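Structure first, commentary second.
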Number of protein chains: 2
Amino acid sequence: MNVSPPKSALNVSCEECPLLCSDSFRAFSREELEFVSAFKRGELASSTGSSILLEGSNSPHLYTVLSGWGFRYKMLEDGRRQILNYIFPGDFVGLQNALHTEMQHSVEALSDMVFCVFERSRIYELYVKQPELGFDITWLAAREEQMLDEHLLSIGRRTAIERAAYLLAFLSDRAAAVGLFEKNSRIEPLTQQHVADTLGLSLVHTNKTLRKLCDNDTIAWHDSGFEIRDAEKLKEIAGWPGVSGLARPFL
Amino acid sequence: MNVSPPKSALNVSCEECPLLCSDSFRAFSREELEFVSAFKRGELASSTGSSILLEGSNSPHLYTVLSGWGFRYKMLEDGRRQILNYIFPGDFVGLQNALHTEMQHSVEALSDMVFCVFERSRIYELYVKQPELGFDITWLAAREEQMLDEHLLSIGRRTAIERAAYLLAFLSDRAAAVGLFEKNSRIEPLTQQHVADTLGLSLVHTNKTLRKLCDNDTIAWHDSGFEIRDAEKLKEIAGWPGVSGLARPFL
DNA sequence: CGTACTCTTGACCATATTCAAGAGACGTGG
DNA sequence: CCACGTCTCTTGAATATGGTCAAGAGTACG
């Protein structure tokens with residue numbers, strides 16, 4: 001669990017943000033883009049396995065994922081870990097702490113990642129000057145809540161195999177929505193330990209559960225990653241319809 | 001599961017909102033109060049066991065809890081139910097669906113409740129005219145996320161007795177923050193079935209787990225409700241520090 | 001070539017579920 | 001007033017699901 005050296009550089013101006021090309025995101029006015037560009041403080045690059053935010057630490061920043069993916073998690077004192085949700089390009093990170101000075105969760109990179117960095121102290125300004133962007137942030141928070149609700153239902157009430165099917169379908173849908181892993185359709189890197197810590201299961205039992213899905217030919221597990229072989233069957237097993245594909249905002 | 005007849009009446013003007021007296025909430029400017037008053041559409045009263053919002057339905061409204069308490073939940077097709085979170089006075093309900101037309105969860109009243117009703121379609125107006133109130137909504141959404149994060153950690157990684165201890169301490173803290181159940185310090189009405197559906201456990205196992213806490217003299221269970229006997233021991237068992245008591249906004 | 005990481009499997013054990021039955025409280029209608 | 005159904009809590013026994021322990025195989029990397 002090494003903390004990456006925070007490399008900072010303002011490489012991409014918001015007007016040329018690569019996310020603007022994607023269908024998944026809403027269109028922005030020129031004025032909005034200019035404002036966000038001025039609001040943006042720089043970029044942060046971090047590599048696989050490194051921590052961006054740590055529970056209990058004090059960050060004056062908010063982040064938007066520009067590229068790569070990772071996850072948010074919490075830990076109990078004795079080391080038990082629960083992965084709360086995954087973060088993908090366009091996701092906003094750090095909001096959960098608008099209220100506390102101390103972070104209530106940690107964030108770790110799965111792949112190499114780049115973040116846009118914003119200053120927490122200036123966020124109120126955004127609500128005053130660009131109400132629509134303020135509204136967008138609420139939209140994103142509401143969306144995160146929806147995902148957490150579904151995760152809660154999953155961990156609380158679905159069986160091991162249903163949970164696993166749900167998670168893999170969920171990750172696949174979210175990745176597809178932002179065009180991640182399009183080339184080889186393999187979602188990686190992700191270990192079975194990550195899956196276990198997301199599902200609230202032990203590593204061994206997670207392995208046996210994934211094995212059933214492999215034997216089914218519903219998925220294929222490769223070294224540190226997986227491939228969806230039958231997305232419909234996965235969703236059927238999970239009893240889950242999939243994520244909504246409405247155009248969404250981002251910062 | 002009967003749907004209450006929606007009684008509507010504008011009984012309380014926001015300037016005399018009883019929640020304003022509480023220490024838990026932030027102070028509002030006169031202008032803000034006037035705006036919210038104009039924004040408020042009426043009140044909705046519902047009684048124990050009745051549904052305010054139903055998953056899959058289509059509500060043009062947002063609500064703030066004025067009095068009483070209840071819970072949000074989701075269900076799987078075969079009837080398995082997961083309680084996602086509890087709602088207390090000052091809590092904002094329905095935001096999770098700023099994006100969808102269809103509700104993604106249901107809300108049910110535990111006690112008799114009264115809600116303030118707002119129109120979903122006019123919420124953007126609030127962001128433009130009263131940015132601080134828009135910011136407050138985001139604040140509330142972030143707070144809800146934090147609670148869901150902790151619930152997820154609990155269900156995913158805590159043992160049955162730790163989960164139970166966490167839930168009871170959580171409910172006690174939240175109720176205390178808004179002055180609910182001050183008279184007799186009994187948190188009610190709540191059945192062990194509710195507790196089970198929150199913890200992701202079966203009713204029988206929940207009963208046996210609560211029994212241990214009773215034998216411990218950590219809590220006392222009465223008919224449809226419980227009493228905290230040793231809050232510190234509860235939090236110690238759960239490995240949970242308690243909710244933060246910062247002044248919070250509401251609508 | 002050795003070490004670390006990930007996945008895999010089997011055996012045994014712990015935890016939680018299901019099934020079943022009964023007790024006590026409460027409200028309703030005869 | 002009592003009989004009845006309903007709701008909530010309780011308990012025991014049998015069963016299933018998932019956890020822990022242990023060991024080994026394959027791969028990557030220094």
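All values reported here derive from a predicted model rather than from experimental measurement. We name chains A, B, ... by the order of the sequence lines, and we start the count at 1 in each one.
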Check: Looking at A:Leu148, A:Asp91, A:Val243, which one forms a side chain to side chain contact (heavy atoms under 4.5 Å, CB included) with A:Arg143?
Finding: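 The single option meeting the side chain to side chain contact (heavy atoms under 4.5 Å, CB included) with A:Arg143 is A:Asp91.
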Item checked: Sole candidate of B:Leu201, B:Leu171, B:Leu190 that passes side chain to side chain contact (heavy atoms under 4.5 Å, CB included) when paired with B:Val195 ->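 Answer to the side chain to side chain contact (heavy atoms under 4.5 Å, CB included) test with B:Val195 among B:Leu201, B:Leu171, B:Leu190: B:Leu190.
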May I have the distance from [X] (atom [atom1]) to [N] (atom [atom2]), rounded to whole angstrom?
X	N	atom1	atom2	value
B:Ile155	C:dT15	CD1	C1'	17 Å
B:Arg157	D:dG19	CZ	C1'	11 Å
A:His205	C:dA14	NE2	C1'	14 Å
A:Arg158	D:dT17	CZ	C1'	18 Å
A:Leu201	C:dT15	CG	C1'	13 Å
A:His194	C:dC5	NE2	C1'	12 Å

Checklist line | All side chain to side chain donor-acceptor pair (under 3.5 Å) counterparts of B:Arg163, not counting sequence neighbours | finding: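 None.
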Note to self: The test is side-chain contact (heavy atoms from CB on, under 4.5 Å); show your working for A:Arg186 and A:His222 and say whether it passes.
What the structure shows: CA-CA 9 Å; A:Arg186 269 168 60 168; A:His222 301 103; 3.4 Å; yes
Next item on the list: May I ask you to check if A:Arg158 and A:Tyr166 form a cation-pi contact, with NZ or CZ under 6.0 angstrom from the six-membered ring centre and within 45° of the axis?
Entry: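 That pair qualifies as a cation-pi contact.
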Margin query: Could you work out how much the helix from C:dC1-D:dG30 to C:dG30-D:dC1 bends, comparing the axis of its first five pairs with that of its last five, to 10°?
Written below: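 About 30° separates the two local helix axes.
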Notebook entry, point to check: Does any donor atom in the side chain of B:Gln104 or A:Asp149 lie under 3.5 Å from an acceptor atom in the other side chain?
Noted result: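 Looking only at side-chain atoms, A:Asp149 and B:Gln104 do not form any donor-acceptor pair under 3.5 Å.
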What does the list of N/O pairs under 3.5 Å between the protein and nucleotides 7-9 of chain C look like, with a distance for each?
unit_1 : atom_1 : unit_2   : atom_2 : d
C:dC7  : OP1    : A:Trp221 : NE1    : 2.8
C:dC7  : OP1    : A:Ser224 : N      : 3.4
C:dC7  : OP2    : A:Gln192 : N      : 2.8
C:dT8  : OP1    : A:Arg211 : NH2    : 2.9
C:dT8  : OP2    : A:Gln192 : NE2    : 2.9
C:dT8  : OP2    : A:Asn207 : ND2    : 2.9
C:dT9  : OP2    : A:Arg211 : NE     : 3.3

Check: Would a distance-only check, ignoring hydrogens and angles, find a side-chain to backbone donor-acceptor pair under 3.5 Å from A:Ser111 to A:Trp69?
Finding: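 Side chain of A:Ser111 to backbone of A:Trp69: a pair is present.
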Note to self: For B:Ile237 versus B:Ile161, what's the shortest heavy-atom pair and its separation?
What the structure shows: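 Of all heavy-atom pairs spanning B:Ile237 and B:Ile161, the closest is CG2-O, 4.0 Å.
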